[in-house]
Asker: 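Here it is, the structure in full.
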Amino acid sequence: MAEKPYDHNAIEEKWHARWREDQSIYACDWTSDKPKYYVVEMFPYPSGKLHMGHVRNYSLGDTLARYMWMRGYNVFHPIGWDAFGMPAENAAIKNDMHPRQWTRDNIANMKRQLVRLAISYDWNCEVSTCEPEYYRWNQWFFLKMYERGLAYRKKALVNWCPECATVLANEQVVNGCCWRHETTPVEQRELDQWFLRITAYADQLLDDMKQIEGGWPERVLTMQRNWIGRSEGAELDFGLEGRPGKIRVFTTRVDTIYGATCVILALEHPLVKELVSAGTALEVKKLIDERANQDPGQLIKKGLFTGHHALNPFSGERVPIWVGNFVLMGYGTGAIMAVPAHDERDFEFCTQYGIAIRPVIRPQGGTLADPPKEAFTEYGIVENSGPWSGLSSEEARRQMAAHARSKGFGEPAITFRIKDWGVSRQRYWGTPIPMIHCPACGLVPVPEADLPVELPLEAQITGKGRSPLENVPRFVNVNCPKCGAAARRETDTMDTFVDSSWYFYRYLDARNGAQPFDSARAAQWFPIDQYIGGVTHAILHLIYSRFWTKVMRDIGLISTDEPARNLFTQGMVLKDGSAMSKSKGNVVDPDEMTAKYGSDTCRLFVLFAAPPERDMDWQESSVEGQFRFLSRAYRFVTRNLERTTAGAAPSTEADRKALRKLHQTLKKVTEDFDSRWHFNTSIAALMELLNELTSLEKDMSGGVLAESLEKFTLMLGPFAPYVAQELWEDLGRTGPVFRQSWPAFDEELAKEEGAEVVLQVNGKVRSRMIVPFGTGKEELEKRAVADEKVHAQVAGKQVVKMIVVPDKLVNIVVR
RNA sequence: GCCCGGGUGGCGAAAUCGGCAGACGCAAAGGACUUAAAAUCCUUUUUCCGGCAACGGGAGUGCGGGUUCAAGUCCCGCCCCGGGCACCA
């Protein structure tokens with residue numbers, strides 16, 4: 001019996017080499033007639049090295065992919081690179097290295113790591129978003145959106161560092177200052193920027209959630225619902241006293257309008273300039289600057305009286321017009337009617353400035369609190385509101401909005417919190433926006449035939465100035481495609497969320513030079529069966545890609561409304577209670593772990609540490625346990641190889657026990673795969689099985705040994721592909737483990753010999769007994785009372801009640 | 001402030017439908033093998049009380065109540081930790 005030591009290096013190198021020779025091992029079979037299974041893990045940003053969050057994400061996806069292959073599915077499991085973005089530019093500045101070179105080097109290294117971890121990717125379909133063959137389709141989509149009015153240009157504020165003389169991304173602003181000049185306050189500048197009209201799809205983004213409910217975590221849907229922020233109310237016009245014009249406000253509570261005691265404009269509201277004196281305008285400007293450098297959560301409410309009055313369209317009452325720093329220009333109409341009695345913010349503001357507070361809603365069955373001590377914000381009964389008095393809030397909202405419409409001073413309205421998606425970036429390492437500015441023709445799209453607009457590689461990246469592209473004459477100077485005159489090319493590049501909005505469609509057809517992808521193939525493979533990634537992308541990426549899918553549908557490329565039927569959000573990998581990050585210096589490099597213990601151990605470790613949806617605190621100590629398990633498994637199988645006899649019937653008591661445990665394990669692991677992916681318990685079950693088999697080893701006969709070794713190896717396959725493959729070969733079998741069929745379990749064999757019934761007295765366990773399954777209630781009662789230990793507890797007391805759960809327990813209640 | 005998660009031994013965790021709390025693993029302690037160490041194997045390991053011991057008894061899943069024959073699991077009220085949103089009218 002030649003037991004072999006577990007030489008993980010030799011085993012992993014051997015299979016690593018063989019698999020690398022056969023590039024097609026994980027390739028998708030596009031002609032297969034098996035049911036499809038499309039599994040995607042969120043692609044990584046090529047920062048240079050995989051971190052443990054990646055290892056967790058990809059091990060999870062891989063384990064699932066291998067299982068689905070074994071279940072007979074035609075699996076498509078691709079990967080790519082989210083390869084545009086700022087770090088490449090920063091590296092270029094720091095190390096004098098071209099972003100493209102830096103990115104490609106990083107990709108090569110991370111690809112090596114993924115292959116080493118034996119993640120089963122179809123490398124034929126690899127996608128890298130920084131290559132023209134990919135980003136040309138970003139440009140193509142942009143043109144399609146422009147045609148449809150979904151891409152447009154407007155002025156918007158950007159963060160500007162006067163020291164760098166450059167635009168900063170939001171994440172480069174730290175405490176209101178530049179990340180490189182920590183004492184230089186960031187200024188707000190207005191620039192023309194490109195936007196995508198995601199708001200046109202706001203209702204669909206909400207409604208189509210019906211299609212993915214149940215498949216997506218509820219909390220992701222909730223976060224998206226809040227982000228979209230649909231609210232129903234009314235827009236109303238307050239007339240201006242003594243001058244023409246009006247102020248339009250949005251409110252969800254028309255029913256409170258008789259309690260409106262002032263109108264408040266946002267600081268940037270266009271009317272402010274008209275209404276206030278030069279002196280007040282200066283004060284307003286001050287408030288704007290003050291707010292720019294403040295944490296929005298800590299903002300202290302401030303405001304100014306404009307000196308003018310507005311007229312309440314319902315009551316005709318004259319109310320003062322204020323400006324307030326807490327009124328958002330970007331939401332609703334940029335102006336509100338303040339009802340301090342029924343809104344906390346208005347209450348705070350009006351109390352502070354001595355503005356009248358007038359309650360008009362009383363709680364159902366309660367009385368009007370006058371003067372109120374705090375805002376009553378719930379619905380109730382309308383009071384002191386002319387003809388509307390006595391109505392419920394709900395009824396008043398409906399009737400009053402309708403009344404406003406019939407009188408022409410307003411109408412029911414729906415407002416969204418979500419804003420159009422600003423995609424302009426004044427950066428180099430991104431997709432050039434395919435537009436041309438012609439002095440004669442204005443904005444002219446680059447003709448489709450001229451795509452891609454390639455990034456000029458010679459641009460100098462200095463971290464200064466508006467955009468590196470502006471200093472590349474070859475890029476900037478073009479002839480207008482319409483009139484032929486000298487024109488300027490747009491130098492803004494696209495947000496990298498554009499790249500990631502549709503990459504999983506490109507996987508299907510990664511080398512297509514004529515279209516973004518083949519529609520017929522997309523119809524066959526979409527929606528994605530399982531998308532896996534971090535919950536950090538719950539909002540942006542996952543909303544943008546849903547939006548993109550709908551646009552592609554409207555263009556006619558696909559016919560589905562949603563990109564992914566199921567989404568799984570894995571937990572974060574934490575160290576000392578917070579996320580691993582370079583700045584905290586607590587990053588763990590997977591290479592170290594693979595070098596020491598091997599990839600199989602590393603994979604097992606991340607899956608075993610916690611259930612996948614939960615955050616996992618980094619506790620490296622348990623890695624030894626995983627290594628020991630694989631080591632024991634390997635030795636167990638190899639030393640028993642020669643004892644196996646195929647087909648021999650079970651003969652010993654040990655055989656029966658081993659078979660029972662084997663089939664119980666098969667059942668457990670299969671159920672974990674088919675439900676919640678708690679692979680920590682699957683691996684624990686495999687450990688239990690190995691422990692049991694080891695203790696029965698000597699008394700097991702050849703037939704049961706053969707079955708046990710084979711099925712154990714197959715079950716190990718999705719988790720630890722290298723060692724499973726090695727054992728498979730040792731067992732004299734051929735072909736990849738993940739192409740074998742997943743072993744079925746036999747419910748009969750898995751059954752225990754008898755049911756263990758717990759005997760309780762007053763809810764406390766006093767004894768237990770083994771009875772045949774299905775033993776009747778009366779029989780159980782009889783046996784329970786006869787039990788010695790139970791008897792000792794019951795003796796001398798009165799039995800009040802007996803609860804019997806067949807095959808489970810008997811509880812005797814005594815007094 | 002609002003909306004989600006989560007809180008179980010020294011540690012990671014398990015208990016999937018209200019029915020044996022702590023599976024599996026780590027760490028620790030003791031032992032076997034060894035000249036020795038590593039590796040491996042065996043034993044103990046929630047806690048308190050009694051006992052030389054087999055064993056017996058009590059407590060115990062963040063805190064306080066409740067429902068139930070029975071609660072980690074369900075209900076009510078709190079505390080703490082993590083995440084998201086945060087003047088969205």
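Model, not experiment: these values are computed from the prediction. To find a chain, count down the sequence lines: A is the first, B the second, and so on, and within it residues start at 1.
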Asker: Checking contacts here: which listed nucleotide (B:rC20, B:rA23, B:rG58) is nearest the side-chain heavy atoms of A:A684?
Answerer: B:rA23

Asker: Would you mind checking if A:R398 and A:E232 are paired as a salt bridge, meaning a charged N to carboxylate O distance below 4.0 Å?
Answerer: no

Asker: In terms of relative ring orientation, are A:F712 and A:F629 parallel, tilted or perpendicular, with 30° and 60° separating the classes?
Answerer: perpendicular

Asker: Do A:W421 and A:F195 have ring centres separated by under 6.0 Å?
Answerer: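 No; A:F195 has its ring centre 6.0 Å or more from that of A:W421.
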
Asker: Over 60° means perpendicular and under 30° means parallel, so classify the ring planes of A:F679 and A:W677, tilted if in between.
Answerer: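 Rings of A:W677 and A:F679: parallel, as their planes differ by under 30°.
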
Asker: Reading 5' to 3' and counting Watson-Crick or G-U wobble pairs with both distances under 3.5 Å, write the dot-bracket notation for RNA chain B, | for bases paired outside the strand.
Answerer: (((((((..(((......[....))).(((((.......))))).(((((....)))))..(((((..]....))))))))))))....

Asker: Between B:rC24 and B:rC75, how many Å separate the two C1' atoms, rounded to a whole number?
Answerer: 33 Å

Asker: How would you label the contact of A:N691 with the nucleic acid (heavy atoms, under 4.0 Å): base, sugar-phosphate, or nothing?
Answerer: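 Counting heavy atoms under 4.0 Å across all strands, the contact made by A:N691 is with sugar-phosphate only.
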
Asker: Of the listed nucleotides (B:rG25, B:rC85, B:rG19), which one gets closest to any side-chain atom of A:I539?
Answerer: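 So the side chain of A:I539 is nearest to B:rC85.
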
Asker: Starting at CD of A:Q626 and ending at C1' of B:rG25, how long is that distance when rounded to a whole Å?
Answerer: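 Roughly 7 Å, once rounded to whole Å.
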
Asker: Within the structure, does a side-chain N or O atom of A:R417 lie under 4.0 Å from either OP1 or OP2 of B:rA86?
Answerer: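 Yes, because at least one side-chain N or O of A:R417 sits under 4.0 Å from OP1 or OP2 of B:rA86.
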
Asker: Select one nucleotide: of B:rG25, B:rC11, B:rA14, the one nearest the side-chain heavy atoms of A:F608.
Answerer: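 Per side-chain heavy atoms of A:F608, the pick is B:rG25.
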
Asker: Under 4.0 Å between a side-chain N or O of A:K789 and OP1 or OP2 of B:rG56?
Answerer: yes

Asker: C1' atom, B:rA59 versus B:rG1: distance in rounded Å?
Answerer: 40 Å

Asker: I'd like to check A:I803 versus A:V810 (side-chain heavy atoms, cut-off strictly below 4.5 Å). Are they in contact?
Answerer: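 Answer no - side chains too far apart.
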
Asker: Distance check, P atoms only: B:rU47 and B:rA29, in whole angstrom units.
Answerer: 16 Å

Asker: In whole angstrom, give me the gap between the P atoms of B:rG6 and B:rG18.
Answerer: 15 Å

Asker: Which whole number of Å gives the distance between the P atom of B:rC17 and that of B:rG10?
Answerer: 28 Å

Asker: Step through it carefully: locate the ring centre of A:F416, locate the ring centre of A:Y331, and say whether they are under 6.0 Å apart.
Answerer: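 Centroid separation for A:F416 and A:Y331: 6.0 Å or greater.
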
Asker: Which nucleotide in the list B:rC87, B:rG84, B:rC11 gets nearest to the side chain of A:K301?
Answerer: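 Closest nucleotide among those given: B:rC87.
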
Asker: Are any of A:R628's side-chain N or O atoms less than 4.0 Å away from OP1 or OP2 of B:rA27?
Answerer: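 A:R628 to B:rA27 OP1/OP2: side-chain N or O found under 4.0 Å.
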
Asker: How far does the P atom of B:rG60 sit from the matching atom of B:rA71, given to the nearest Å?
Answerer: 11 Å

Asker: With a 4.0 Å cut-off on heavy atoms, is A:Q793 in touch with a base, just the backbone sugar-phosphate, or nothing at all?
Answerer: sugar-phosphate

Asker: OP1 or OP2 of B:rC69 sitting under 4.0 Å from any side-chain N/O of A:K808?
Answerer: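 Result: no.
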
Asker: Look for any protein N or O under 3.5 Å of an N or O in nucleotides 16-18 of chain B and output each such pair with its distance, or none.
Answerer:
| unit_1 | atom_1 | unit_2 | atom_2 | d |
| --- | --- | --- | --- | --- |
| B:rU16 | O4 | A:K668 | NZ | 2.1 |

Asker: Expressed in angstrom and rounded to an integer, what is the separation of A:L574 atom CG from B:rG6 atom P?
Answerer: 15 Å

Asker: Distance criterion of 3.5 Å, no angle test: do you see the side chain of A:E756 paired donor-to-acceptor with the base of B:rC20?
Answerer: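 Checked by distance alone, the answer is yes.
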
Asker: Looking at A:E3 and A:R639, is any side-chain nitrogen of the basic one under 4.0 Å from a carboxylate oxygen of the acidic one?
Answerer: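 Yes.
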
Asker: If I pick the P atom on B:rA38 and the same atom on B:rA53, what distance separates them, to the nearest angstrom?
Answerer: 31 Å

Asker: Between A:R676 and A:E671 (salt bridge meaning N to carboxylate O under 4.0 Å), is one present in this structure?
Answerer: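 Salt bridge flag = no for A:E671 with A:R676.
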
Asker: Does one side chain, of A:Y67 or A:D672, offer a donor that lies under 3.5 Å from an acceptor on the other?
Answerer: no

Asker: Between A:N680 and B:rA14, is there a side-chain N or O to OP1/OP2 distance below 4.0 Å?
Answerer: yes

Asker: Can A:E290 and A:K302 be counted as an ion pair, charged N to O under 4.0 angstrom?
Answerer: yes

Asker: Do the charged groups of A:R358 and A:E317 touch, with an N to O distance under 4.0 Å?
Answerer: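 Salt bridge flag = yes for A:E317 with A:R358.
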
Asker: Phosphate oxygens OP1/OP2 of B:rC85: is one of them under 4.0 Å from a side-chain N or O of A:R225?
Answerer: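 Indeed not, no polar side-chain atom of A:R225 lies that close.
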
Asker: Please state the P separation for the pair B:rA36 and B:rG31 - nearest whole angstrom.
Answerer: 14 Å

